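Reviewing the structure listed below.
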Amino acid sequence: MKNKVITGLLGFLVVLGMATPALADQVNGTQDINATDSNPTPNGTVQVTSDVKSNFTLQIPTSFQLGYNHLDAQIGNVKIKNDLQNGGYGITAGKAVYVTQTHQALQNDSDKNNKIEFTVSGSKDDKGDNFGTQKFTNQDVLDGKEVPVFMHVTQDQWNQAKAGNFTGSITFTAALADAQ
């Protein structure tokens with residue numbers, strides 16, 4: 001019985017020993033530095049590298065209650081955060097985060113054919129569907145850049161709306177790419 005326990009523990013240690021290198025830092029070779037009478041104090045240099053990947057948080061509004069007959073409303077802001085508490089370290093040099101949006105019309109919960117169309121932009125004065133692509137660099141993150149998000153509904157859309165609860169959505173997408 002004792003031999004089975006020891007064999008089991010040794011097997012476990014072998015498996016654990018195989019997993020350890022996957023968790024360790026990587027050594028990429030060695031170099032030999034010889035001491036001689038003519039060179040009694042040799043030295044060598046070790047090149048140390050590390051690759052810190054982009055890691056950031058896209059912050060968007062979670063929900064918004066649009067009041068009846070409101071034509072223009074700021075529903076919140078879009079921001080890229082360097083959220084250190086959640087492992088964020090920012091955006092790699094030469095890269096940028098590009099944020100876009102798509103949206104679905106407000107739809108009457110009881111009459112799916114009754115919709116309120118709207119547009120989304122980054123300005124109260126811009127009534128078109130012109131949110132576009134918002135670019136965030138690491139400097140923008142450090143500066144706390146925020147892009148306002150505005151919803152625009154025409155009076156004609158409100159006039160055609162039947163009574164009821166309406167639900168729609170705005171989806172924001174962040175893409176990390178080479179800075180342009």
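Computed from a predicted model, the values in this text were never measured in an experiment.
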Cluster check Phe64, Val147: I/L/V/M/F/W/Y, side chain < 4.5 angstrom: yes
Rounded to the nearest 0.5 angstrom, the NZ-CD distance for Lys115 and Gln157 is 11.0 Å
Apart from Val48 itself, what residues make up its hydrophobic cluster when side-chain heavy atoms of I, L, V, M, F, W and Y under 4.5 Å apart count as a link, directly or indirectly? Val46
Can you pull the ring pair (Phe, Tyr, Trp, His ring centres under 6.0 Å) pairs that have at least one residue in residues 104-126, sequence neighbours excluded? His103-Phe118
Does the side chain of Val149 reach to within under 4.5 Å of the side chain of Asn77, using non-hydrogen atoms? no
Would you compute the distance between atom CG of Asn138 and atom CG of Asn82 and round it to the nearest 0.5 angstrom? 6.5 Å
Are any side-chain N or O atoms of Gln31 and backbone N or O atoms of Thr45, one a donor and one an acceptor, separated by less than 3.5 Å? yes
Nearest heavy-atom contact between Pro61 and Gly76 is CG-CA, 3.9 Å
Table please: side-chain donor-acceptor pairs of residues 163-177 below 3.5 Å, with sequence neighbours left out.
residue : atom : partner : partner atom : Å
Thr167  : OG1  : Asp109  : OD1          : 3.2

According to side chain to side chain donor-acceptor pair (under 3.5 Å), does anything in residues 116-125 pair up with another residue at least two apart or in another chain? List the pairs. Ser121-His152
Counting N and O atoms only, with roles assigned by atom type, does the side chain of Asp178 sit under 3.5 Å from a partner on the main chain of Lys95, one being a donor and the other an acceptor? no
Rounded to the nearest 0.5 Å, what's the gap from CZ on Phe136 to CG on Leu58? Could you check? 8.0 Å
Counterpart residues, side-chain contact (heavy atoms from CB on, under 4.5 Å), relative to Asn39 (two or more places apart): Thr36, Pro42
Got more than 12 heavy atoms from elsewhere within 6.0 Å of CD, Gln65? no
Give, for atom OH of Tyr98 and atom OG1 of Thr133, the distance between the pair rounded to the nearest 0.5 Å. 9.0 Å
Tyr68 with Ile75, same ILVMFWY side-chain cluster at under 4.5 Å: yes
Atom of Asp72, atom of Lys127 and distance for their closest heavy-atom approach: OD2-NZ, 2.9 Å
Do side-chain atoms of Asp129 reach the backbone of Val120 as a donor and acceptor pair under 3.5 angstrom? yes
Could you walk me through whether Val141 and Ile91 pass side chain to side chain contact (heavy atoms under 4.5 Å, CB included), step by step? CA-CA 8 Å; Val141 173; Ile91 302 168; 3.7 Å; yes
Non-neighbouring partners of Gln155 that pass side-chain contact (heavy atoms from CB on, under 4.5 Å), sequence neighbours left out: Asn69, Leu71, Trp158, Asn159
Begin with the C-alpha distance, continue with both residues' side-chain angles, and end with the deciding distance and a verdict on side chain to side chain contact (heavy atoms under 4.5 Å, CB included) for Thr100 and Thr102. CA-CA 7 Å; Thr100 57; Thr102 56; over 6 Å; no
To the nearest 0.5 Å, atom CD1 of Ile116 lies from atom CG of Leu106 at 5.5 Å
As a quick check of understanding, evaluate side chain to side chain donor-acceptor pair (under 3.5 Å) for Asn108 and Ser110, giving each step before the final call. CA-CA 6 Å; Asn108 190 309; Ser110 59; 3.0 Å; yes
So does Lys145 get a backbone contact from the side chain of Asp143, meaning a donor-acceptor N/O pair under 3.5 Å? no
Are Val153 and Leu66 packed together at the side-chain level, in the sense that at least one heavy-atom pair is separated by less than 4.5 angstrom? yes
Report yes if the side chains of Asp111 and Lys162 come closer than 4.5 Å at any heavy-atom pair, otherwise no. yes
Show, in sequence, the C-alpha distance, side-chain angles and deciding distance for Lys135 and Asp140, and conclude whether the salt bridge (Lys or Arg N to Asp or Glu O under 4.0 Å) test is met. CA-CA 9 Å; Lys135 177 182 174 183; Asp140 293 329; over 6 Å; no
Identify whether Phe150 and Phe131 are in the same connected component of the hydrophobic contact network (ILVMFWY, side-chain heavy atoms under 4.5 Å). no
More than 12 heavy atoms of other residues, nucleotides or ligands under 6.0 Å from CD of Gln104: is that the case? no
